[in-house]
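Below is one structure, written out as structure tokens; comments come after it.
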Amino acid sequence: MISKVATKDEQDLSMAYSPGVAEPCKKIAQNPDLLNTYTARGNMIAVVTDGSAVLGLGDIGARAALPVMEGKCVLFKNFGGVSAFPICIDSSDDDTIVETVKLLEPTFSGINLEDIASPRCFAIEERLKKETGMLTFHDDQHGTAIVTLAGLFNALKLTDRELDQANIVINGAGAAGFSIIGMLHHLGAGRMTACDSQGIITAKRDDLNPFKQKIAQMTGQSGPPGDLKQAVRGADVFIGVSLADLLSPQMVSSM
């Protein structure tokens, strides 16, 4: 913690702590809405994980995930001036994670969910939005979708295409894929095809969880299942948010 104001002598310290600190405490006790006015809470967030889906490393647990969360906090501070703190929760139980975060609401005005496995991450995010007043951002969903769409818009400009006319294939139906598809659908994307490890996500499949069922609805795919090779044939855009090396040169040539 670094003070924003000078604390160079005993008088400054007595203002920052006792007895001076009692005045904002009394104001906040009378009116909780003043919490962000008299404290740094409005610029403080928690980077929360259970370590179950760390990028490139998988389920390594809360302890091993701490360096990644610390790194993300550095990014928030350096690029946004936001004070962020790593909170690694040693549990993969949704209720435990939600209740832990809810108890932190007096300290943090926002939550950045990070590296929590799909589909649990969706339920955790939805609950926190409903059950707290904190801003809730899931980096693997919303962050990835934002930068993906920025790149896509530039690519469409360079190739003289319109979003509503492009044939787009998204490989990966986890947190990132779900959010990308949702944003593309909201923006009026044309033909979309989503694939997971079992192939094209279509309403004809009987192995879809509720989130993949929603993907099938958003993409409008209701035909027979197929594989990635079939999906990319003739496509204009490929968005990969799954494993590496799944798109072969031959598949690219077929686009």
Acceptor/donor pairs from residues 236-245 side chains to any protein atom, 3.5 angstrom cut, sequence neighbours excluded:
from	atom 1	to	atom 2	distance (Å)
Asp236	OD1	Arg161	NE	3.4
Asp236	OD2	Asn167	N	2.8

- Message: I need the full list of side chain to side chain donor-acceptor pair (under 3.5 Å) pairs touching residues 191-200, with sequence neighbours left out, sorted by first then second residue.
- Response: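 Non-adjacent pairs meeting side chain to side chain donor-acceptor pair (under 3.5 Å): Thr193-Gln221, Asp196-Arg205, Asp196-Lys212.
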- Task: Only pairs at least two apart or in different chains count here, so list each side chain to side chain donor-acceptor pair (under 3.5 Å) that has a residue in residues 60-80.
- Result: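 Side chain to side chain donor-acceptor pair (under 3.5 Å) check on residues 60-80 returns Arg63-Asp90, Lys72-Glu114, Lys72-Asp139, Lys77-Ser83.
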- Listed by chain and number, what are the side chain to side chain contact (heavy atoms under 4.5 Å, CB included) partners of Ser3, not counting sequence neighbours? Val5, Thr7
- Message: Can you list everything that forms a salt bridge (Lys or Arg N to Asp or Glu O under 4.0 Å) with Lys130? Sequence neighbours excluded, please.
- Response: none
- Task: Sorted by first residue and then second, give each ring pair (Phe, Tyr, Trp, His ring centres under 6.0 Å) pair with at least one member in residues 50-72; sequence neighbours left out.
- Result: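 Pairs touching residues 50-72 that pass the test: none.
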Below 3.5 Å, can you tabulate the donor-acceptor pairs from side chains in residues 50-61 to any protein atom, sequence neighbours excluded?
from	atom 1	to	atom 2	distance (Å)
Asp50	OD1	Ser52	N	3.0
Asp50	OD1	Ser52	OG	2.7
Asp50	OD2	Ser52	OG	3.2
Asp50	OD2	Arg120	NH1	3.2
Asp50	OD2	Arg120	NH2	2.8
Ser52	OG	Ala117	N	2.8

Hey, can you pull the donor-acceptor pairs under 3.5 Å for the side chains in residues 26-36, sequence neighbours left out?
from	atom 1	to	atom 2	distance (Å)
Lys26	NZ	Glu23	OE2	3.2
Asn31	OD1	Asp33	N	3.1
Asn36	OD1	Arg41	NH1	3.0

If I take atom [atom1] from residue [X] and atom [atom2] from residue [Y], how far apart are they, to the nearest 0.5 angstrom?
{"X": "Thr219", "Y": "Gln217", "atom1": "OG1", "atom2": "CD", "value": "9.0 Å"}
{"X": "Ile116", "Y": "Ser92", "atom1": "CD1", "atom2": "OG", "value": "9.0 Å"}
{"X": "Thr136", "Y": "His142", "atom1": "OG1", "atom2": "NE2", "value": "9.0 Å"}
{"X": "Thr202", "Y": "Lys204", "atom1": "OG1", "atom2": "NZ", "value": "6.5 Å"}

Contacts under 3.5 angstrom, residues 175-190 side chains, donor-acceptor by atom type, not counting sequence neighbours:
from	atom 1	to	atom 2	distance (Å)
Ser179	OG	Gln141	O	3.3
His185	ND1	Met218	O	3.4

- Item | Under the side chain to side chain donor-acceptor pair (under 3.5 Å) test, residues paired with Lys129 that sit two or more places apart | Glu125
- Query: What residues, two or more places apart in sequence or in another chain, satisfy side chain to side chain donor-acceptor pair (under 3.5 Å) together with Asp95?
  - Reply: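 Only Arg127 meet the side chain to side chain donor-acceptor pair (under 3.5 Å) criterion with Asp95.
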- Note on the structure: Residues Cys88 and Met69: closest non-hydrogen pair is SG-CG, 3.8 Å
- Tracing side-chain links under 4.5 Å among I, L, V, M, F, W and Y, which residues wind up in one group with Leu66? none
- Item | Residue Gln213 excluded, over 12 heavy atoms near CD under 6.0 Å | yes
- Message: Quick check against the 3.5 Å criterion: does Asn43 have a side-chain atom that pairs as donor or acceptor with the backbone of Gly81?
- Response: yes
- Exam field: side chain Glu99 to backbone Thr96, donor-acceptor pair closer than 3.5 Å: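 Side chain of Glu99 to backbone of Thr96, a donor-acceptor pair under 3.5 Å: no, none is there.
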